[in-house]
Structure formats: C-alpha cells, structure tokens
Asks: 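Here's a structure for you.
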Amino acid sequence: VTGVLARPVVELALRRLKEAAPAWLEGRELEPLEVTNSLFGSHVTVTGLLGGGDIIRAASQAGAVGGETILLPASALDNAGERFLDGVTLESLRHSLGCDVLVV
C-alpha cells in the first residue's frame, strides 16, 4: 500500500527486490497498490494520512482476493497499530478484504 507521492519509490524498491532475490520471489507477484485519499482529498498524497476505507476500496478495485498478502506501512495506523484516521480498524480491513495484512 502506498499513497500517490511514494509510488515511484515503492516501484523502484520492488524492481530492486525482484533483481536481488529472483529465487525467493519465484511464484510471487509484487505490485504497488496506490491509494488515492478521499478522506482528506486527492491533494493529500502521503501514505500516513490514508483512511482504511480508501485502502479497502483501492484493494477491492484492484482485485485483491483472499490468499493474497497486503503490506501496509505502519505510518497509516495510530500509535497502537490498530486504527486508521477514519476509524476503520486493522481487523475490519482484514475481514473486509479477506487478505492477510502485514504491517511493515
């Protein structure tokens, strides 16, 4: 998961990971999930201000399905690591998507 601003950095990191660890990645597909912020407006492009609802919407539109893993930056959650700015909980995000969500 990334906000609009960091997408180029995330894409670069994924390319380098694919080059550095092709055997580890065999059979795995890594794609950035760019999320547009509707909570504060599309002019807010940082990952740390994304709402859980926006992430659910973007992941659903991208076709995220059960069995997939979503890497979620810890900066998008509160200090306890449990809730987004829009009140959506990490658990409800996991339940809504049916995906494994790892906070990194």
Side-chain angles (χ1 to χ4, degrees):
V1 171
T2 181
V4 175
L5 184 64
R7 182 179 179 129
V9 175
V10 171
E11 287 176 332
L12 176 61
L14 292 178
R15 274 197 307 275
R16 288 185 177 172
L17 181 59
K18 289 174 184 177
E19 292 168 2
W24 180 77
L25 290 171
E26 189 172 325
R28 295 183 176 130
E29 192 174 324
L30 298 177
E31 297 294 329
L33 177 63
E34 181 180 309
V35 180
T36 301
N37 193 324
S38 68
L39 181 63
F40 295 111
S42 61
H43 62 282
V44 177
T45 59
V46 297
T47 306
L49 294 177
L50 291 173
D54 289 335
I55 296 169
I56 292 169
R57 199 167 16 265
S60 297
Q61 289 172 350
V65 295
E68 293 187 12
T69 301
I70 294 175
L71 301 179
L72 177 73
S75 63
L77 296 165
D78 63 8
N79 286 340
E82 298 172 356
R83 192 172 302 276
F84 296 90
L85 289 170
D86 60 357
V88 172
T89 65
L90 181 58
E91 276 311 305
S92 65
L93 181 123
R94 285 183 172 125
H95 179 72
S96 294
L97 295 175
C99 295
D100 191 19
V101 179
L102 299 177
V103 178
V104 295

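Note that these values count all heavy atoms, side chains included, but never hydrogens, waters or copies made by symmetry.
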Asks: Step by step, work out the side chain to side chain contact (heavy atoms under 4.5 Å, CB included) result for L72 and F84.
Replies: CA-CA 11 Å; L72 177 73; F84 296 90; 3.6 Å; yes
Asks: Roughly how far, to the nearest 0.5 Å, is CG of L93 from CD1 of I70?
Replies: 6.5 Å
Asks: For residues 82-99, which residue pairs pass the salt bridge (charged side-chain N to carboxylate O under 4.0 Å, His left out) check, not counting sequence neighbours?
Replies: E91-R94
Asks: Which residue pairs satisfy the salt bridge (charged side-chain N to carboxylate O under 4.0 Å, His left out) criterion with at least one member in residues 24-53, sequence neighbours excluded?
Replies: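 Listed once each, the pairs are R7-E34.
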Asks: Could you pull out all residues at least two apart from L14 that satisfy side chain to side chain contact (heavy atoms under 4.5 Å, CB included)?
Replies: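 In terms of side chain to side chain contact (heavy atoms under 4.5 Å, CB included), with neighbours along the sequence ignored, L14 is linked to V10, L30, P32.
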Asks: Name all residues meeting the side chain to side chain contact (heavy atoms under 4.5 Å, CB included) criterion together with P8; count only those two or more places apart in sequence or in a different chain, and write none if there are none.
Replies: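 Applying side chain to side chain contact (heavy atoms under 4.5 Å, CB included) to P8 gives none.
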Asks: Name all residues meeting the side chain to side chain contact (heavy atoms under 4.5 Å, CB included) criterion together with A58; count only those two or more places apart in sequence or in a different chain, and write none if there are none.
Replies: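 Scan of A58 (side chain to side chain contact (heavy atoms under 4.5 Å, CB included), adjacent residues dropped) gives L33, V35.
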Asks: Test of understanding: with side chain to side chain contact (heavy atoms under 4.5 Å, CB included), list the residues that count as partners of V44, not counting sequence neighbours.
Replies: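 In terms of side chain to side chain contact (heavy atoms under 4.5 Å, CB included), with neighbours along the sequence ignored, V44 is linked to N37, F40, V46, L49.
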Asks: Other members of the hydrophobic cluster containing V104, with the 4.5 Å side-chain heavy-atom rule, please.
Replies: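 So far as hydrophobic clustering goes, V104 is joined with L71, L102.
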Asks: Show every salt bridge (charged side-chain N to carboxylate O under 4.0 Å, His left out) that has at least one partner inside residues 37-65, sequence neighbours left out.
Replies: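 Checked against salt bridge (charged side-chain N to carboxylate O under 4.0 Å, His left out) - neighbours excluded - the pairs reaching residues 37-65 are D54-R57.
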Asks: Tracing side-chain links under 4.5 Å among I, L, V, M, F, W and Y, which residues wind up in one group with V9?
Replies: none
Asks: Can you list everything that forms a side-chain hydrogen bond (donor to acceptor under 3.5 Å, both in side chains) with S60? Sequence neighbours excluded, please.
Replies: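 Here no residue qualifies.
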Asks: If a pair satisfies salt bridge (charged side-chain N to carboxylate O under 4.0 Å, His left out) and one of its residues is in residues 61-77, list it, with sequence neighbours excluded.
Replies: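 Sorted pair list comes back empty.
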